[in-house]
Amino acid sequence: MAELIAYYSRADENYVNGDIKDLEVGNTEIVAGMIQKLTGASMFEIEQMKPYAKDYNTCIAQAQADQKRDARPELKSYPENLDEYDTIYLGYPNYWGTMPMAVFTFLEHFDFTGKVLKPFCTHEGSGMGRSERDIRKLCPGAVVESGLALRGGNVTNEEMRIKQWI
Ligand SMILES: Cc1cc2nc3c(=O)[nH]c(=O)nc-3n(C[C@H](O)[C@H](O)[C@H](O)COP(=O)(O)O)c2cc1C
């Protein structure tokens with residue numbers, strides 16, 4: 001059976017080891033690409049219909065407001081068919097201790113019963129946070145494996161850990 005990498009990631013302004021930088025490719029997307037190279041899995045980007053702002057501080061405020069009201073931001077699209085995949089690598093940045101709310105939207109859209117979910121997350125210190133617990137709540141029939149947490153600013157040096165985790 002086939003494998004899918006579904007990930008959420010934001011380029012634009014972000015903190016990298018203490019400095020604001022304009023990133024062309026988001027950290028989580030870089031990890032998704034590394035997993036793709038190692039596994040040959042298909043890739044799907046989870047994108048909000050209305051992306052958060054490019055400006056870092058505005059984005060922070062928008063994402064926090066969405067989390068506070070337990071929002072489910074509308075997505076641009078979904079994978080056509082999930083039946084063909086038995087394993088799904090699920091990637092996201094840590095936003096306020098868990099996944100961006102758009103990933104909640106994604107997980108609620110499908111029935112993951114019988115599938116293996118492998119969460120990976122990039123962060124600036126909080127690791128997986130409570131995201132694995134949230135995924136188990138949203139996907140009660142899935143086997144949620146233990147996640148891989150990587151420092152956002154360091155992802156390009158993490159190929160060994162990614163390989164071992166896969
Ligand atoms: C809205 C927002 C909230 C964040 N909250 C946290 C957090 O609670 N803990 C943490 O360690 N990092 C937090 N970060 C940092 C990101 O998780 C980190 O920069 C990540 O690598 C970004 O991934 P991306 O480039 O794929 O979007 C936050 C970043 C943003 C933009």
Side-chain angles (χ1 to χ4, degrees), residues 3-12 14-17 23 25-36 38-39 41 43-49 51-52 56 59-76 78-79 82 85-156 158 161-166:
E3 298 185 324
L4 177 71
I5 304 161
Y7 69 94
Y8 179 103
S9 187
R10 176 180 163 275
D12 309 326
N14 198 358
Y15 268 98
V16 181
N17 303 322
L23 303 180
V25 181
N27 298 324
T28 312
E29 183 167 354
I30 293 174
V31 179
M34 291 163 85
I35 295 173
Q36 204 281 329
L38 291 164
T39 61
M43 294 248 262
F44 178 81
E45 183 175 4
I46 302 169
E47 289 180 277
Q48 296 172 204
M49 198 77 98
Y52 292 142
Y56 185 77
C59 166
I60 284 279
Q62 290 171 323
Q64 190 175 35
D66 269 358
Q67 191 180 97
K68 273 199 180 139
R69 60 190 181 88
D70 201 22
R72 295 292 184 270
E74 212 182 319
L75 304 188
K76 267 192 188 168
Y78 292 91
L82 221 65
Y85 303 109
D86 57 352
T87 300
I88 294 138
Y89 294 88
L90 181 72
Y92 47 86
N94 184 322
Y95 277 10
W96 301 106
T98 186
M99 307 167 279
M101 298 318 289
V103 181
F104 285 65
T105 309
F106 178 82
L107 292 177
E108 279 179 357
H109 186 81
F110 294 106
D111 180 1
F112 289 91
T113 301
K115 299 190 187 293
V116 176
L117 281 171
K118 290 170 77 74
F120 63 97
C121 156
T122 70
H123 66 94
E124 277 296 310
S126 315
M128 301 300 292
R130 54 184 184 282
S131 63
E132 290 162 295
R133 223 183 316 149
D134 288 341
I135 295 168
R136 290 196 175 95
K137 248 188 260 164
L138 292 163
C139 311
V143 178
V144 183
E145 291 194 349
S146 121
L148 176 70
L150 301 167
R151 277 261 179 190
N154 197 34
V155 289
T156 48
E158 296 281 25
R161 275 183 68 207
I162 295 172
K163 238 185 199 161
Q164 283 164 1
W165 173 74
I166 287 172

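We count residues from 1, following the sequence as given. Note that the structure is predicted; figures quoted are calculated from it, not measured.
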Can you list the residues that meet the side chain to side chain donor-acceptor pair (under 3.5 Å) rule with [X], with sequence neighbours excluded?
X      : value
Tyr8   : Gln48
Gln62  : none
Glu132 : none
Tyr95  : none

Looking at residues at least two apart in the chain, or sitting in another chain, which of them share a side chain to side chain contact (heavy atoms under 4.5 Å, CB included) with Ala65?
->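 None.
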State which residues pass salt bridge (charged side-chain N to carboxylate O under 4.0 Å, His left out) with [X]; sequence neighbours excluded, sorted by chain then number.
X     : result
Glu45 : none
Glu3  : none
Asp86 : none

What pairs of residues pass the side-chain hydrogen bond (donor to acceptor under 3.5 Å, both in side chains) test when at least one of them lies in residues 133-143, not counting sequence neighbours?
->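 Found Thr98-Asp134.
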In a table with atom names and distances, give each donor-acceptor pair under 3.5 Å that connects a side chain of residues 112-120 to protein atoms at least two apart or in another chain.
{"from": "Thr113", "atom 1": "OG1", "to": "Asp111", "atom 2": "OD1", "distance (Å)": "2.5"}
{"from": "Lys115", "atom 1": "NZ", "to": "Leu82", "atom 2": "O", "distance (Å)": "3.0"}
{"from": "Lys115", "atom 1": "NZ", "to": "Tyr85", "atom 2": "O", "distance (Å)": "2.7"}
{"from": "Lys118", "atom 1": "NZ", "to": "Glu145", "atom 2": "OE1", "distance (Å)": "2.9"}

Which pairs pass salt bridge (Lys or Arg N to Asp or Glu O under 4.0 Å) with one or both residues in residues 96-105, sequence neighbours excluded?
->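 Residue pairs with at least one partner in residues 96-105: there are none.
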Write out all pairs satisfying salt bridge (Lys or Arg N to Asp or Glu O under 4.0 Å) with one or both partners inside residues 96-108, taking only residues at least two apart or from two chains.
->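 Every salt bridge (Lys or Arg N to Asp or Glu O under 4.0 Å) pair that includes a residue of residues 96-108, provided the two are not neighbours, is Arg72-Glu108.
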